[in-house]
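Quick note: numbers below take in every heavy atom, side chains included, and nothing from hydrogens, waters or symmetry partners. In the text below, chain A, chain B and the rest are named by the order of the sequence lines, each starting its count at 1.
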Amino acid sequence: MTVEEQLALLRRGTTEIISEADLAEKLKSGKPLRVKLGVDPTVAHVTLGWAVVLRKLRDFQKLGHTAVLIIGDFTAQIGDPSGKSKTRPQLSHDEVVRNVEAVSKQVYKILDPALTEITYNADWLGTMTFVDVIKLCSKYTVARIMERDDFTNRWNEHRPIAMHEILYPLCQGYDSVMVNSDVELGGTDQKFNNLVGRDLMQHWGQEPQVVMLCPLLIGTDGKEKMSQSLGNYISVVDSPNDMYGKTMSIPDELLDNWFELCTDVPMAEARQAIMSNPYEAKKRLAREIVGLYHSVEEAEMADQFFKETFSQRQQVVEAEDAAIPHDLIADGVVALANLIASLGLAKSNGAARDLIKAGAVSLDAEKVMDPFAKLQAIELDGKILRVGRHQFRTLRLAR
RNA sequence: GGGGAGUUGCCCGAGUGGCCAAUGGGAACAGACUGUAAAUCUGUCGGCGAACGCCUUCGGAGGUUCGAAUCCUCCACUCCCCA
């Protein structure tokens, strides 16, 4: 593959490469490049948003380059201020460990383990002395740090900026020095941090890394960047039905964006599909996504499930089992609202009653309208309880 | 170090002694319509209770009062101006 062809593959789905000439130069050398990606261990799921960058990283691997994942176990204690209007809460060590464990498995749904290197930045950041930190700080100026949007905005709006937050970009930049990366990948919100890496590398006499930025995926709410804290995400380990359903709930305006960032469907084809029938296009998108993280067969099943359950409003035939707690049964009778609450399908008994009143609760496809309904426990056994649009449980009476 | 302003429910924000579980907006959730889209309309939106009601909440701890988100004291945190 010529350098030009490689560039074409790598360019797809990026918004900016700083600089493309440098990248071409590095590719020309023919040696395997070290492509760095910072991993945020404050979350427990690889979301489709994050997958955008991971998929780009996999493109590099296809060309024989090495993915260098840096688990930000140290920086998690600071909290990346990128795009945040508030200081982030700092995580405990245990939480970080748990997240890393969960996430590292999910990452290999996309990446090739043979070409992946995993490092932890606590290994070098955690052992620095205060003198080391001061030396690092001396390589950068306050004015340059404050150029950053998040800081400028917060400053102008009189919102707090804690001292440790301005160290974040330096930490991340120093990571690049430590792994001597050739390329750093990131979302567009990482531009500032990644550029700091270039500066620092030069201070340490290294060739500056190329910075490649990928667009941010908008979440299922159609408004904000997909993120776990906002709950507008799809995880790569979501069940096929969930993945499919969540995709179907995105606004039409996002279709173009999602096809480009989440699938391998050629854009000309995708745009044609969206133009002719957005609904059909969205189902195609959902199938593509499920196919990517599960299988084509499961995608078809999810498609079928969706059609029957939501489009045709047929009775759900299969759902997760839920045992009816014994202590809710009095004289063989159970109050429906209490049952819904104790199964976690509503926040409280009151909320459950509100849902019933609103007509959101049904048993075997039959709406229950009485908020105080008391039902024979024996008769509930095996029935499918539906709360809201997408919560189902097969009730089981334990003997 | 000196002076000033502020901290209210998921978020923004009103409330300055009883009519405050606390106006309004946003978000969220549910229903109707539909394509689990958009737009629109409706309802819910601290907890318990069938209900009169009860309990917990307005940065934290005390106090004044029959009664406090509202007044006083101390503490913590944030922002602004000056140095």
Side-chain angles (χ1 to χ4, degrees), chain A residues 84-90 151-165 218-225 227-234 238-259 273-287 289-290 302-314 316 327-328 330 333-338 340-342 344-362 365-374 385-392:
Chain A
K84 301 288 166 185
S85 52
K86 285 183 181 171
T87 306
R88 284 175 138 196
Q90 299 175 14
F151 292 146
T152 310
N153 293 341
R154 278 208 252 166
W155 185 263
N156 290 339
E157 287 160 30
H158 306 315
R159 282 192 309 237
I161 301 170
M163 289 288 287
H164 71 275
E165 293 182 272
I218 302 291
T220 52
D221 60 357
K223 290 171 197 138
E224 311 264 9
K225 163 193 164 186
S227 84
Q228 271 185 68
S229 50
L230 293 172
N232 61 355
Y233 68 98
I234 296 178
D238 275 348
S239 72
N241 285 345
D242 273 358
M243 216 178 245
Y244 192 100
K246 285 185 190 174
T247 304
M248 290 307 289
S249 75
I250 67 170
D252 286 3
E253 294 71 56
L254 256 51
L255 281 171
D256 193 278
N257 188 244
W258 276 50
F259 264 110
I274 295 167
M275 286 245 293
S276 64
N277 186 336
Y279 181 49
E280 289 304 322
K282 200 181 286 178
K283 286 198 280 193
R284 165 86 189 277
L285 173 68
R287 276 199 305 275
I289 290 172
V290 176
D303 189 75
Q304 192 63 26
F305 175 85
F306 180 83
K307 191 163 73 183
E308 289 169 359
T309 309
F310 299 106
S311 304
Q312 300 171 359
R313 297 182 185 229
Q314 291 177 10
V316 178
D327 51 348
L328 287 185
V333 166
V334 58
L336 185 59
N338 294 25
I340 290 168
S342 69
L345 301 172
K347 272 197 307 221
S348 65
N349 291 342
R353 267 182 248 117
D354 289 342
L355 285 170
I356 296 172
K357 272 186 262 178
V361 174
S362 60
E366 226 173 286
K367 267 190 189 180
V368 181
M369 293 304 289
D370 176 11
F372 303 112
K374 286 194 183 343
L385 172 68
R386 179 171 185 167
V387 178
R389 271 179 293 181
H390 41 248
Q391 299 190 102
F392 312 94

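For the P atom pair drawn from B:rC54 and B:rG4, the interatomic distance equals 43 Å after rounding to whole Å. B:rG31 and B:rA68 have their P atoms separated by 42 Å, given to the nearest Å. Look at the C1' atom in both B:rC80 and B:rG47: the space between them is 40 Å, to the nearest Å. Atom name P, nucleotides B:rC11 and B:rG1: the rounded distance is 32 Å, in whole Å. Remark: the separation of the C1' atoms in B:rA83 and B:rC10 is 41 Å, to the nearest Å. The same atom, C1', is picked in B:rA38 and in B:rG53; the two are 44 Å apart, to the nearest Å. Taking the P atoms as reference points, B:rA32 lies 12 Å from B:rA37, given to the whole Å. Between B:rA22 and B:rU73, the distance separating the two P atoms is 30 Å to the nearest Å.
You'll find the side chain of A:D252 reaches within 4.5 Å of the side chain of A:K282, heavy atoms only. For the pair A:W258 and A:I250, the minimum side-chain heavy-atom distance is below 4.5 Å. By the 4.5 Å heavy-atom criterion applied to side chains, A:K246 and A:D238 are counted as neighbours. In this structure the side chain of A:T152 reaches within 4.5 angstrom of the side chain of A:N156, judged on heavy atoms. Side-chain contact between A:D370 and A:I356 is absent, with no heavy-atom pair separated by less than 4.5 Å. Put simply, the side chain of A:V368 does not reach to within 4.5 Å of the side chain of A:S362, judged on heavy atoms.
Atom CG in A:L255 sits about 16 Å away from atom P in B:rG35, given to the nearest Å. One interatomic measurement links the two molecules: CZ of A:F306 to P of B:rU36, which rounds to 4 Å at whole-angstrom precision. One atom, CG of A:D354, and another, C1' of B:rA28, lie 14 Å apart when rounded to the nearest Å. Atom pair A:H390:NE2 and B:rA28:P shows a separation of 13 Å (rounding to whole Å applied). Put simply, CD1 on A:I250 is 11 Å from P on B:rA37, counting in whole angstrom units. Atom CG in A:D221 sits roughly 11 Å away from atom C1' in B:rA28 (whole-Å rounding). Following rounding to the nearest Å, A:I161 (CD1) and B:rC77 (P) show an atom-to-atom distance of 19 Å. Counting to the nearest Å, the P atom of B:rG4 and the NE2 atom of A:H158 are 19 Å from each other.
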_Wobble G-U and Watson-Crick pairs count when both distances are under 3.5 Å; given that, what is the 5' to 3' dot-bracket string of RNA chain B, with | for pairing to other strands?_
((((((((.[[[..)..(.....]]].(((((.......))))).(((....)))...[[[[[..)....]]]]]))))))).
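Under 3.5 Å, the side chain of A:N349 and the base of B:rG49 form no donor-acceptor pair of N or O atoms.
Contact check, A:S348 against B:rC48: a side-chain N or O comes under 4.0 Å of OP1 or OP2. Contact annotation: A:R353 side-chain N/O to B:rU44 OP1/OP2 distance is not under 4.0 Å. Using a 4.0 Å cut-off, some side-chain N or O of A:R389 falls inside it from OP1 or OP2 of B:rA37.
At a non-hydrogen distance threshold of 4.0 Å, A:Y279, A:K282 from residues 276-287 of chain A come into contact with RNA chain B.
Under the 3.5 Å distance criterion, the side-chain polar atoms of A:D303 are left unmatched by any main-chain donor or acceptor of A:K283. Of the possible polar contacts, none joining the A:T309 side chain to the A:F306 backbone as a donor-acceptor pair under 3.5 Å is found. In this structure a side-chain-to-backbone donor-acceptor pair under 3.5 Å is missing from A:E157 to A:R154.
Across all strands shown, A:K367 has heavy atoms under 4.0 Å from sugar-phosphate atoms exclusively, and none from any base. Using a 4.0 Å heavy-atom distance criterion, A:G350 is classed as a sugar-phosphate-only contact. The residue A:F310 sits close to a base: some heavy atom pair falls under 4.0 Å. Among the atoms of the strands shown, base atoms are found under 4.0 Å from some heavy atom of A:G245.
The aromatic rings of A:F392 and A:F305 lie perpendicular to each other, with more than 60° between the two planes, well past the 30° mark.
Nearer to the 5' terminus of RNA chain B, by closest-nucleotide assignment, is the contact made by A:G388 (compared with the other of A:G388 and A:D252). Each of A:W155 and A:A341 lies near RNA chain B, and the nucleotide nearest A:A341 is the one positioned closer to the 5' end.
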_Steps toward salt bridge (charged side-chain N to carboxylate O under 4.0 Å, His left out) verdict (A:R386, A:E366)_ = CA-CA 9 Å; A:R386 179 171 185 167; A:E366 226 173 286; over 6 Å; no
